[in-house]
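Structure, as structure tokens:
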Amino acid sequence: MGRLSVHIETFGCQMNVADTERAATKLRAGGFDLTDSADSADVVLLNTCSIREKAEQKLFQRVGEIKNARIGRQPLIGVMGCVAQLEGEGIFKSSPSVRLVIGTGATDRVGDLLERAVGGERRVIDVAERKESETYEISHLERHSSHIAFVPIIEGCNKFCTYCIVPFSRGRERSRAADGIIEEVKRLREEGFKEVQLIGQNVNSYRPKVEKGLEGHTGATPFSRLLRAVASTGMPRIKFTTSFPRDFHPDIVKAIDEHENLCNWVHLPVQAGNDRVLRAMRRGHKVEDYLSKIASIKSSRRRISLTSDIIVGFPGETSEEFEDTLKLVRECRFHGLYIFKYSPRRGTPASKLPETVSEAEKTRRFLALETLQMSIQREVFQSYVGEEVEVLVEGFSARSRDDLTGHTTCNKVINFRADSDLIGKIVKVKVREAKTHSLYGEV
Ligand code: 5AD
Ligand code: SF4
């Protein structure tokens with residue numbers, strides 16, 4: 001039998017993208033081929049996300065579609081990621097055509113698990129934890145981009161915000177050793193990558209078991225030491241996401257001030273603008289605390305772009321409390337905002353609270369917040385007109401082959417007319433025009 005081909009479909013956050021890259025690396029090393037085609041692959045793996053409601057339903061729908069698209073031989077179907085971790089054996093019951101379930105801790109064992117399924121074992125499941133000895137290895141062949149690399153630095157979450165499923169789907173926080181991270185960034189630089197994004201549910205809660213790799217790099221917290229260590233590799237651009245407000249130390253801003261290659265963008269989810277709601281969410285910060293973090297970000301010598309996440313319609317949230325969220329958004333002037341309507345996740349503490357905000361009211365709040373944010377964002381983006389920004393050119397713009405697209409150091413999308421030989425390079429672009437979600441300029 002020739003090499004079997006595997007197609008991996010990825011849903012959700014950058015952590016899942018990184019897991020897919022890792023799984024692909026293991027599979028290729030284990031003698032499988034990777035393919036972009038779900039219709040011809042021998043094996044289809046669905047790397048799932050559970051942050052949104054009805055994740056399971058969507059998964060089973062997708063499994064159905066994959067099966068229906070085939071006339072002849074059916075592919076072997078496996079489920080990876082957060083839904084796999086949360087539902088485990090339950091997936092086999094609800095969807096008998098699934099033969100392989102790989103939890104979030106088992107990504108590195110995907111090769112052996114698939115071997116077993118291919119070898120005839122009817123149902124293969126692994127929802128155990130990652131082993132200490134397993135390392136993060138991603139071949140450059142499997143990276144989602146040849147210019148930007150995701151580098152996980154911490155996995156899981158210990159915060160247990162009452163609405164959130166992540167501490168259950170991703171387990172407790174585990175920080176990766178700094179020496180391994182730094183080695184990886186150095187290697188990426190040699191391979192020609194222009195940007196790394198240090199990723200994790202809460203990057204600034206980074207706390208490795210050992211010092212190794214951080215020696216000689218100062219900082220108020222292990223994370224700000226890591227930022228300085230990564231900056232010293234000379235990687236042209238370094239971004240990091242997501243930051244957790246309670247653990248956001250002003251020394252992070254200091255590090256950004258010191259190192260030009262630490263990008264001027266911070267994603268700091270606030271979730272709500274009212275202290276009672278924040279307490280009910282168990283966020284561990286008050287409005288005042290958040291504003292003081294923002295003040296430190298705004299006091300930077302560089303213009304740091306600030307983005308956030310907000311949930312509207314949390315159980316018990318009154319209209320007055322929602323008004324407080326609008327007030328906070330007016331004050332913070334975010335450069336970008338992800339707005340979510342609250343929806344209960346089975347197994348989380350908040351899912352036991354009675355839902356007091358109707359769907360219609362959630363929609364009203366969503367739209368009110370979105371309208372406000374759009375008006376702020378228009379002004380923010382407009383203020384970049386005439387400025388020169390530094391852009392990593394990623395490829396052709398979605399709209400036209402005449403235009404190229406990329407992100408600024410402050411993580412804004414910018415399009416501009418230029419020759420395709422600039423793809424993969426860092427260029428200076430003068431901003432000529434601003435839209436609500438992107439900029440337009442010329443090199
Ligand atoms: N309902 C709505 N939004 C949620 N998020 C997480 N859990 C829920 C939920 N149960 C949002 C938070 C988080 C983002 C990734 O998803 O805003 O920051
Ligand atoms: Fe979820 Fe809160 Fe952890 Fe973020 S910090 S992943 S919202 S539990």
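All residue numbers refer to positions in the sequence shown, counting from 1. Both ligands and their constituent atoms are indexed starting at 1 by order of listing.
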Using a cut-off of 6.0 Å, state whether more than 12 heavy atoms not belonging to Lys352 lie near its atom NZ. yes
Subset of ligand 2 atoms that lie under 4.0 Å from at least one heavy atom of Tyr163: 7 (S)
Does the salt bridge (Lys or Arg N to Asp or Glu O under 4.0 Å) test come out yes or no for Asp257 and Lys254, once each step is laid out? CA-CA 5 Å; Asp257 277 344; Lys254 219 171 143 236; over 6 Å; no
Do other residues, nucleotides or ligands put more than 12 heavy atoms under 6.0 Å from the NZ atom of Lys286? no
Below 4.0 angstrom, N of the basic side chain to O of the carboxylate: do Glu184 and Arg143 qualify? yes
Looking at side-chain heavy atoms only, is the closest gap between Ile148 and Arg237 below 4.5 Å? no
Under-2.8 Å protein N/O/S neighbours of atom 3 (Fe) of ligand 2, ordered by chain then residue number: Cys157 SG
Just by modelled atom types, is the Ile165 backbone N or O under 3.5 Å from a matching donor or acceptor in the Thr348 side chain? no
Are Arg276 and Asp324 close enough for a salt bridge, meaning some N to O gap below 4.0 Å? no
Is the closest heavy-atom distance from Arg283 to ligand 2 below 4.0 Å? yes
Do any nitrogen or oxygen atoms of ligand 1 lie under 3.5 Å from a protein nitrogen or oxygen, and which ones?
unit_1	atom_1	unit_2	atom_2	d
ligand 1	1 (N)	Ser343	N	3.2
ligand 1	1 (N)	Ser343	O	3.3
ligand 1	10 (N)	Tyr163	O	3.1
ligand 1	10 (N)	Ser343	O	2.8
ligand 1	17 (O)	Gln271	OE1	2.7
ligand 1	17 (O)	Gln271	NE2	3.4
ligand 1	18 (O)	Gln271	NE2	2.8
ligand 1	18 (O)	Asp309	OD2	2.7

Out of Lys159, Arg207, Lys209, which one pairs with Glu173 under the salt bridge (Lys or Arg N to Asp or Glu O under 4.0 Å) rule? Lys159
Check: Ile51 and Cys13 side chains under 4.5 Å, non-hydrogen atoms: no
Tell me whether Arg365 is salt-bridged to Glu321, with the criterion being a basic N under 4.0 Å from an acidic carboxylate O. no
